[in-house]
Amino acid sequence: MLGRRIKLFKLFGFDVQVDLSWVIIAVLVAWSLAVGFFPFRYKYLSVQTYWVMGVVGAIGFFLSVIFHEIFHSLVARKLHIPMKGITLFIFGGVSEMGEEPPNAKSEFLMAVAGPLSSIAIALACYGIHFLGVLGFGWPVSIDGVVLYLAYINSLLAAFNLLPAFPLDGGRMLRAVLWAFKKNLRWATRIASGIGSGFAMLLMLLGVFQFFFTGNLIGGVWSFLIGIFLQGAARMSYQQVLIRKALEGEQVRRFMKAEPVAVPPSASVRQLVEDYIYKYHFKMFPVTEGSDRLIGCVTTKQLDGVPREEWNSKTVRDLATQCSPENTIGPEADAIKALSLMARTGSGRLIVIEGNRMVGVITLKDMLKFLSLKLELG
Ligand SMILES: [Zn+2]
């Protein structure tokens, strides 16, 4: 279930996606607000009111996180860093960069934009709170949600400003180290080391809260965020290592020439028995002559073909044009191939030159190269 993404909407041209883990988080936030936070701060309201406040508060939290991430993305766009979109994860979101920021200054500016936007929302909410309470005499239920949003956005800004890579504060720290020593790998190692340290502290804090102060909900939160941060710190450092190792390497270097291809005249039954059962690939190139690529055929396309037609239908009937999602050029950067694989979840890409198939590149071969290169230095 984790790792699956749902596209929600487009904002300023950025895709806003939500990781399915976020659905669990949204329910947890609404629940902790409705049974913990609001009843504790505002006594004598009805159970329904607490739940309405909880759900509205969770939606407000969710919009605050999107606002924070959109600000990162807008600054990135100004600095010409390609952004792929925004995905909401556990504590906050991740603005997905197409590549690393080009220099320390860009990274710093991009990182600081998020916390600044959260501080701005927090101040606006405090302003609304004073207006509402003093000027309009708003009911305590509305005021409670507004104050909660002021509080949660302050917390979001403070948490993201921790110098723990890959949080915004950690990115700012990495940018400073990077500018200082002109070495991105070194800067990332130090920043993500500090990030792991903070993650351990958060997990310890969670255990302490849970067992010694009786703050069960707070304890679980701290522990979960610690685990998330720990994983993110390790992953971000590995990504930099991988980028460094693959930088400047072309797809041509990793591809296998003469890959398995299906002739268009083969029947669907032959496709299943001689190719799919034999090689276990999910997608095959369809070529005519020795290497003229006329399309791609995937196991998914088989669903629409009744078994009675397996003998009469041919691969030519089934094949569709190969999409840019499963093809790449031989001169393309290996990092591009890797991120395409990560995005589509497929471990194989067809290497094409014009309408000729020249080879196939697999995740396995790239990882073999990577582990050798990382081992050697
Ligand atoms: Zn941020």
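Numbers here simply count residues along the sequence, with the first being 1. Counting starts at 1 for both ligands and their atoms, in listed order.
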Under 4.5 Å side-chain heavy-atom separation, chaining through any Ile, Leu, Val, Met, Phe, Trp or Tyr, what else clusters with Phe67? Say none if it is isolated.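 Its cluster partners, ordered by chain and number, are Phe71, Ile121.
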
Quick one: report the N, O or S atom of His72 that is nearest to the Zn ion (ligand 1).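 Going through the N, O and S atoms of His72 one by one, NE2 ends up nearest to the Zn ion (ligand 1).
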
N, O or S atom within His68 nearest to the Zn ion (ligand 1), by name: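 Atom name of the closest N, O or S in His68: NE2.
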
Rounded to the nearest 0.5 Å, how far apart are NE2 of His68 and NE2 of His72?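 These two atoms lie 3.0 Å from each other.
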
Below 2.8 Å, can you find an N, O or S atom of Asp168 next to the Zn ion (ligand 1)?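 Here the distance criterion (N, O or S atom, under 2.8 Å) is met by Asp168, so yes.
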
For this output row, return yes or no: ring centroids of Phe284 and Phe281 closer than 6.0 angstrom.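 Aromatic pair counts; centres sit under 6.0 Å.
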
So, using salt bridge (Lys or Arg N to Asp or Glu O under 4.0 Å) as the criterion, who are the partners of Glu273 when residues are at least two apart?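 Expected list: Arg269.
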
